[in-house]
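Quick notes on the structure that follows.
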Amino acid sequence: MTPVTRPAPLDDIDLSDMEFWSRPSSERHAAFARLRAQPAPVFFTEPDLGPVPSGPGYYALVRHADVVEASRNPQVFASEPSAVSIPDMPEGFGEFFGSMINLDDPRHARLRRIVSRGFTPRMLARLEDGVQRQAERIVAELEETGPCDFVAHAAARLPLVVICEMMGIPESHHRMVFENSNIVLAGHDRDYLGDDIDTALGRLLTAGSDLAGLLSELAAERRAHPTNDLTSALVNANIDGESLTDAELGSFFILLAVAGNETTRNAISHGLKLLTLHPDQRDLWWSDFEAHAATAVEEIIRHASPVVWMRRTVARDHEMNGHHYRAGDKAVLYYASANRDETVFDEPDRFDITRTPNPHVGFGGPGPHFCLGAHLARREVTVMFRELHRRLPAIHSTGKPQRLVSNFVNGIKSMPCSF
């Protein structure tokens, strides 16, 4: 294999610097366009996180073709030891954040085989009535409230309630789940994590412990007295002699609470912002909601890219799309950039609810780690906008969204709305 060369990053683009992620989205997308134009993936040094040792650096995979091919090849681009952290995190984090998203086969396949029981067509069909009922209630209460923060009063509520009802978590614990899931996906936001790295790490571990502890108590109850919720299905599952341990159940719930709650909430929030910025697209969708719903939801997810990236670690020397990687190299798959790749999407910065085909990677690339809850997320976004269209067709954002300070989640913390 020929020697590996590591192209130097462009002088004014540093994906490891949080200042970059605080820039306006238009600037960040323009920077990614320049990175996509480079002859090879650019190599970046890792950020200094104080007590977390800096690693050797990482390649930024920003082209659609690279992200898709790496996703399809988990034997080379492995999810272990971590898919959700560029630095290798200290020991102890794996206890709560070591879910199947950070595993490779056969361990990943075993866990996914068990937890997929909660995402069968039968289970999802049973959830749909609940999604509809909750969306109707949320929009009715939003109408009574009047102009308010759309995130707190609408976007954040639907996925939270759906996930909690799905798991059988009592309403008295919903607020705790919401607050702790915010911390887990807080990125570098001081509103959630405090002002220093030690405080941040402590809050992350506490949030993980609290969520895992809640599921441990619920699991014990469901083993003794099973119901028809997902927790009962998981703790009593026995597929070819396989079942979940309490630790596996806890880490899966953290993944579900975080991925199923935060990302869907941000897709809904970004959706309202996009429809406000592009009233012609809102008018087109509203003119025949059902005719445009499927493509509109896909375009919202492509444009928003709620999850910005996932990390992979190269398991063996490998050549992909003309570039050589060595065993041990880190590669970060930037979905947000792949979803704006001009070689795949015509006028990628344009918001077009009729866009088809739309091979976005907003739910991850193809392969074993494609989002297990993609169907549910699509359903929640569709139902929420259907209710808004039906009851509050003039709803729009009225101010600049307050963005989450994160390089991992394209989050909106708050956004005023009126109707």
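Atom-to-atom distance recorded for Arg112:CZ and Ile101:CD1 is 10.0 Å, nearest 0.5 angstrom. To the nearest 0.5 Å, atoms CG (Leu142) and CD1 (Ile395) are separated by 5.0 Å.
When each of Arg34, Arg63, Arg36 is paired with Glu342, the salt bridge (charged side-chain N to carboxylate O under 4.0 Å, His left out) condition holds for Arg36 and for no other. With respect to Arg355, the salt bridge (charged side-chain N to carboxylate O under 4.0 Å, His left out) criterion is satisfied by exactly one of Glu299, Glu347, Glu298: Glu299.
Counting only N and O atoms by type, the side chains of Thr227 and Ser232 include a donor and acceptor under 3.5 Å apart. Using modelled atom types, one finds no donor on one side chain facing an acceptor on the other under 3.5 Å when comparing Asn102 with Glu80. With hydrogens and angles left out, the side-chain atoms of Thr263 and Arg265 include no donor and acceptor closer than 3.5 Å. Between Thr356 and Asn358, the side chains place no donor N or O within less than 3.5 Å of an acceptor N or O (distance only, hydrogens not considered).
Checked against the 6.0 Å centroid threshold, Trp309 and Phe408 count as a close aromatic pair. Ring centers of His360 and Phe345: at least 6.0 Å apart, outside the cut-off.
Side-chain contact between Val177 and Met167: absent, with no pair of heavy atoms (C-beta onward) separated by less than 4.5 Å. Using a 4.5 Å heavy-atom threshold, the side chains of Phe44 and Leu35 count as touching. Side-chain contact between Pro41 and Asp66 is present, with heavy atoms from C-beta onward closer than 4.5 Å. Using a 4.5 Å heavy-atom cutoff, the side chains of Ser414 and Asp149 are in contact. In this structure, Val67 and Ser71 have side chains that are in contact, with non-hydrogen atoms separated by less than 4.5 Å. Counting heavy atoms from C-beta on, the side chains of Ile13 and Val42 never come closer than 4.5 Å. Looking only at side-chain heavy atoms (C-beta outward), Glu143 and Leu392 come within less than 4.5 Å of each other. The side-chain heavy atoms of Arg311 and Pro81, taken from C-beta on, include a pair separated by under 4.5 Å.
Of the possible donor and acceptor atoms, one in the side chain of Ser406 sits under 3.5 Å from a partner among the backbone N and O of Val409. No donor-acceptor pair under 3.5 Å is formed between the side chain of Ser85 and the backbone N or O of Asp88.
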### Message
Using side-chain contact (heavy atoms from CB on, under 4.5 Å), reason through Tyr335 and Phe363 one step at a time and then give a plain yes or no.
### Response
CA-CA 9 Å; Tyr335 304 129; Phe363 291 116; over 6 Å; no
### Task
Given side-chain contact (heavy atoms from CB on, under 4.5 Å), test Phe252 with Leu215 step by step and report yes or no.
CA-CA 10 Å; Phe252 170 70; Leu215 250 290; over 6 Å; no
### Task
Apply salt bridge (Lys or Arg N to Asp or Glu O under 4.0 Å) to the pair Arg391 and Glu387, showing each step before the final yes or no.
CA-CA 6 Å; Arg391 298 192 64 150; Glu387 283 305 301; 5.5 Å; no
### Thr45 and Tyr58: CA distance, side-chain angles, deciding distance, side-chain hydrogen bond (donor to acceptor under 3.5 Å, both in side chains) verdict
CA-CA 7 Å; Thr45 57; Tyr58 60 94; over 6 Å; no
### Query
Yes or no on side-chain contact (heavy atoms from CB on, under 4.5 Å) for Arg312 and Met310, after CA distance, side-chain angles and deciding distance?
CA-CA 7 Å; Arg312 298 291 184 261; Met310 285 283 175; 3.8 Å; yes
### Task
Determine, stepwise, if the pair Gln132 / Glu128 fulfils side-chain hydrogen bond (donor to acceptor under 3.5 Å, both in side chains).
CA-CA 6 Å; Gln132 181 66 42; Glu128 287 190 357; over 6 Å; no
### Message
Please evaluate residues Glu136 and Arg133 with respect to the criterion salt bridge (Lys or Arg N to Asp or Glu O under 4.0 Å), reporting the C-alpha separation (whole Å), side-chain torsions for both, the decisive distance (0.1 Å), and the verdict.
### Response
CA-CA 5 Å; Glu136 290 174 358; Arg133 184 180 67 254; over 6 Å; no
### Task
Report the C-alpha separation of Glu165 and Gln134 in whole Å, then their side-chain angles, then the decisive distance to 0.1 Å, and conclude whether the side-chain contact (heavy atoms from CB on, under 4.5 Å) test is met.
CA-CA 10 Å; Glu165 286 198 346; Gln134 293 299 336; 3.1 Å; yes
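Residues that satisfy the side chain to side chain donor-acceptor pair (under 3.5 Å) test with Thr354, not counting sequence neighbours, are Asp352. For Glu171, the salt bridge (charged side-chain N to carboxylate O under 4.0 Å, His left out) criterion is met by no residue, not counting sequence neighbours.
Considering every non-hydrogen atom in both Asp229 and Gly168, the closest pair reads OD2-CA, 3.4 Å. Taking both residues in full, the closest heavy atoms of Lys273 and Pro401 are given as CD-CG, 3.6 Å, listed atom of the first, atom of the second, then distance.
Between His369 and His108, the ring planes lie tilted relative to each other; the angle falls in the 30° to 60° range. Relative orientation of the His389 and Trp286 rings is perpendicular, given thresholds of 30° and 60° on the angle between their planes. Using cut-offs of 30° and 60° on the angle between ring planes, the pair Tyr334 and Trp21 is parallel. Between His323 and Tyr325, the angle of the ring planes goes over 60°, which puts this pair in the perpendicular group of the 30/60° scheme.
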With a cut-off of 3.5 Å and sequence neighbours excluded, list every side-chain donor-acceptor pair involving residues 26-33.
residue, atom, partner, partner atom, Å
Arg28, NE, Arg23, O, 3.1
His29, NE2, Arg340, NH2, 3.3

